[in-house]
Amino acid sequence: MIDWTANYGFFLNEEHAMLRKTVRDFAEKEVAPYIQEWDRKGASHDAGMAEHMIPVIKRMGELGFLGVCIPQKYGGAGFDYLGLAVVCEELERVDTTLRVILSVHTGLNSLAVFQWGNEEQKQKYLVPQAKGEKIAAYCLTEPNAGTDVAGMQSTAVLEGDHYVLNGEKTWISLSDLADHFLVVAYTDKGKKQRGMTAFIVERSFEGVETTPIHGKLGVRAGNTGSVVFKNVRVPVANRLGDEGEGFKIAMTALDNGRYTVASGATGLIQAALEASLKYSKERETFGVPIGNHQLVKRMLSHMILNLETSRMLCYRAGWLKNQGIRNTRETTLAKWHATVESFNAANDAIQIHGAYGFSDEYPVERYLRNSRGAVIYEGTRELQELLQADFALEERSYKALRCELPAYDEAAWNE
Amino acid sequence: MHAVVCVKQVPEQNSVKITPDKKVDASGINPIINLFDEYAIEEALQWAEKSNGQVTVISLGSDDATDSLKKALAMGANEAVLISDAALADVGAQGAAKVVAAAIKKLGNVDIVFCGKQSTDDETGQFGPALARFLGWPQLTYVFKVHELTASSIVVDRALEDTLETVESSLPVVVTAVKDLNEPRYPSLLKIRKVSKQPIPTWGLSDVGLSVGDLGGTIKISDRVPPPPRPSGEMISGDVQTQVKALVQKLVESQVL
């Protein structure tokens with residue numbers, strides 16, 4: 001059996017291999033045997049949350065996954081950014097729900113606090129998040145503002161030493177169990193994107209209410225919902241970055257979130273391929289295993305091509321992060337390719353499984369449902385396509401940021 | 001307390017393939033720690049943590065067995081030793097036990113040795129008892145619970161074929177672990193970062209004071225036969241009642257019922 005993760009020594013080292021084995025062991029032992037049941041039950045109600053969602057996040061925190069690439073002095077495990085990709089691959093190889101936890105808690109929220117937060121904020125929020133003691137979410141999307149971020153309506157008005165936050169955010173992963181929310185709102189709507197500001201909001205602040213979303217197509221084992229802020233008094237000390245930096249913070253957070261989504265989608269392609277290879281050897285038609293039929297071989301080959309290209313695009317983005325080089329173009333390319341191809345891989349996996357693939361007795365229909373959301377969230381397929389052309393046509397370029405994501409420094413990460 | 005755990009690196013069972021010329025296809029093998037040895041590691045760690053003791057893991061094998069030793073270190077073991085020597089390539093269970101016994105004597109001040117009840121590749125189950133014999137220590141095999149471990153004694157439950165028995169022994173002692181002994185922990189991410197670059201000392205035969213002539217008989221594998229391929233299953237269609245009726249009929253026909 002081919003090890004699909006082998007021969008990436010130009011990016012990965014022995015540490016990454018041990019990390020991968022540990023995460024795979026966890027996901028295969030503690031999640032895979034139960035995921036069909038969790039997916040059927042869902043997590044948009046108290047029972048689902050108590051029975052699997054809360055315990056699995058707690059376990060991931062105990063094992064150090066939630067702070068994998070955060071420096072040890074901030075409570076993390078001190079791996080590099082490629083380590084984050086490895087964890088996401090292995091988690092989504094079993095179920096997207098697990099990877100989504102890393103995407104919002106680590107990619108979108110914790111890394112944003114690491115990049116933009118002051119020391120006090122890092123100690124107060126990043127440290128317990130990296131240790132998994134507190135759970136974090138990211139609130140950008142609104143009922144009438146997704147890709148069109150400037151269309152958001154949430155506002156924060158400064159009154160003395162507090163901002164008064166009002167608005168509604170939706171499609172927020174981990175909404176019903178997060179302790180901390182990274183929220184972007186207008187402090188000056190007239191300035192459009194430059195009038196947005198980011199805040200760290202605690203669930204315990206008065207006026208924060210969350211409600212789950214029911215009836216999702218995929219990621220059913222995970223929790224997604226809406227967060228409403230009604231006259232929430234947010235201390236000035238909880239403003240992340242300066243006033244007017246909210247859009248930049250949101251976009252740099254997405255550079256990290258999309259990286260986790262792309263890496264996870266790579267893991268999903270691998271899961272679809274592994275399931276398809278197994279079935280292609282077992283199932284016989286016309287007197288031979290179906291893997292002997294050329295059109296089945298073609299579907300398998302396309303999965304392999306897209307698995308390997310997705311993985312290489314992700315690792316290149318991770319390598320750039322390690323070097324401290326801006327990587328929006330490379331990350332969005334990885335996210336676009338990996339998510340679209342994870343959907344195609346899952347779709348072909350169902351085709352290979354025939355009618356059995358249409359039932360949740362086999363995992364491939366779950367892969368298809370789970371893969372679909374990532375073609376939309378954290379930047380639609382169409383947005384990623386436009387970004388590629390914009391960069392190529394030199395209509396988009398990088399502008400210096402006040403705070404860059406720190407380059408990986410092994411000594412500093414181990415302090 | 002100083003505990004030694006004997007760890008064998010074995011191929012993951014479903015990753016082994018035999019080539020047409022009856023050799024093991026090394027390219028597809030996924031090396032793992034022998035299943036039962038993981039329980040041995042966990043038990044040693046738990047008791048060492050209670051007594052502020054020390055755990056040393058020893059493996060006899062090729063250089064790539066360091067992967068398993070590093071996993072044990074990342075789980076929490078303090079030290080690791082690899083015993084590797086070209087002369088040990090075809091050594092059997094008893095010869096391996098003799099070499100490891102010599103290594104344990106070289107370490108000195110060892111109170112207890114934990115190992116798995118058997119390895120999932122050779123499946124002989126001889127290593128633990130032979131090790132105890134070469135050390136001249138009592139052996140407690142098939143242990144599924146350790147009730148008490150003090151500086152001088154141990155009380156365990158043993159799972160025998162038709163009996164469960166509680167036994168007390170003096171130390172030093174050799175204990176072999178069965179599957180239900182505990183729940184092995186995952187490697188710690190922080191420790192993975194530390195041990196991945198940690199060099200592991202390698203001892204050859206002469207380092208433990210032995211020579212090829214001390215090893216006794218070696219094992220030569222004369223033939224390898226892959227298990228026969230599983231016949232493809234038969235899907236029973238129809239509603240539940242029809243399916244159950246057909247299934248029961250087939251079970252009766254095949255004399256299962």
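Each chain gets a letter, A, B and so on, in the order its sequence line appears, and its residues count up from 1.
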A quick test of your reading: do over 12 heavy atoms of other residues, nucleotides or ligands sit less than 6.0 Å from [atom1] of [X]?
| X | atom1 | result |
| --- | --- | --- |
| A:Lys29 | NZ | yes |
| A:Gln351 | CD | no |
| B:Lys245 | NZ | no |
| B:Asn52 | CG | no |
| B:Glu183 | CD | no |
| B:Leu107 | CG | yes |
| B:Tyr142 | OH | no |
| B:Glu123 | CD | yes |

Do [X] and [Y] have side chains that get closer than 4.5 Å, going by heavy atoms?
| X | Y | answer |
| --- | --- | --- |
| B:Asp67 | A:Met18 | no |
| B:Leu189 | A:Leu63 | no |
| B:Lys71 | A:Lys21 | no |

Next on the checklist: What residues of residues 283-292 of chain A make heavy-atom contacts with chain B at a cutoff under 4.5 angstrom?
Outcome noted: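 From residues 283-292 of chain A, none sit under 4.5 Å of chain B.
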
**Request:** Determine, for A:Glu410 against B:Lys197, whether the closest basic-nitrogen to carboxylate-oxygen distance falls under 4.0 angstrom.
**Result:**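 Salt bridge present between A:Glu410 and B:Lys197.
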
**Request:** Could you please spell out the steps behind the salt bridge (Lys or Arg N to Asp or Glu O under 4.0 Å) verdict for B:Lys70 and A:Glu14?
**Result:** CA-CA 10 Å; B:Lys70 285 190 174 180; A:Glu14 192 181 346; 3.2 Å; yes

### Query
Minimum heavy-atom separation for B:Pro187 to A:Thr22, with atom names?
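Closest approach of B:Pro187 to A:Thr22, heavy atoms only: CG-OG1, 3.6 Å.
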
(Q) Between B:Arg193 (side chain only) and A:Gly78 (backbone N and O only), is there a donor and an acceptor less than 3.5 Å apart? (A)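 Here the side-chain-to-backbone pair exists.
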
Quiz item: Can a donor-acceptor pair be found between the side chains of B:Tyr186 and A:Glu62 at a distance below 3.5 Å?
Solution: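 Per modelled atom types, B:Tyr186 and A:Glu62 side chains form no pair under 3.5 Å.
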
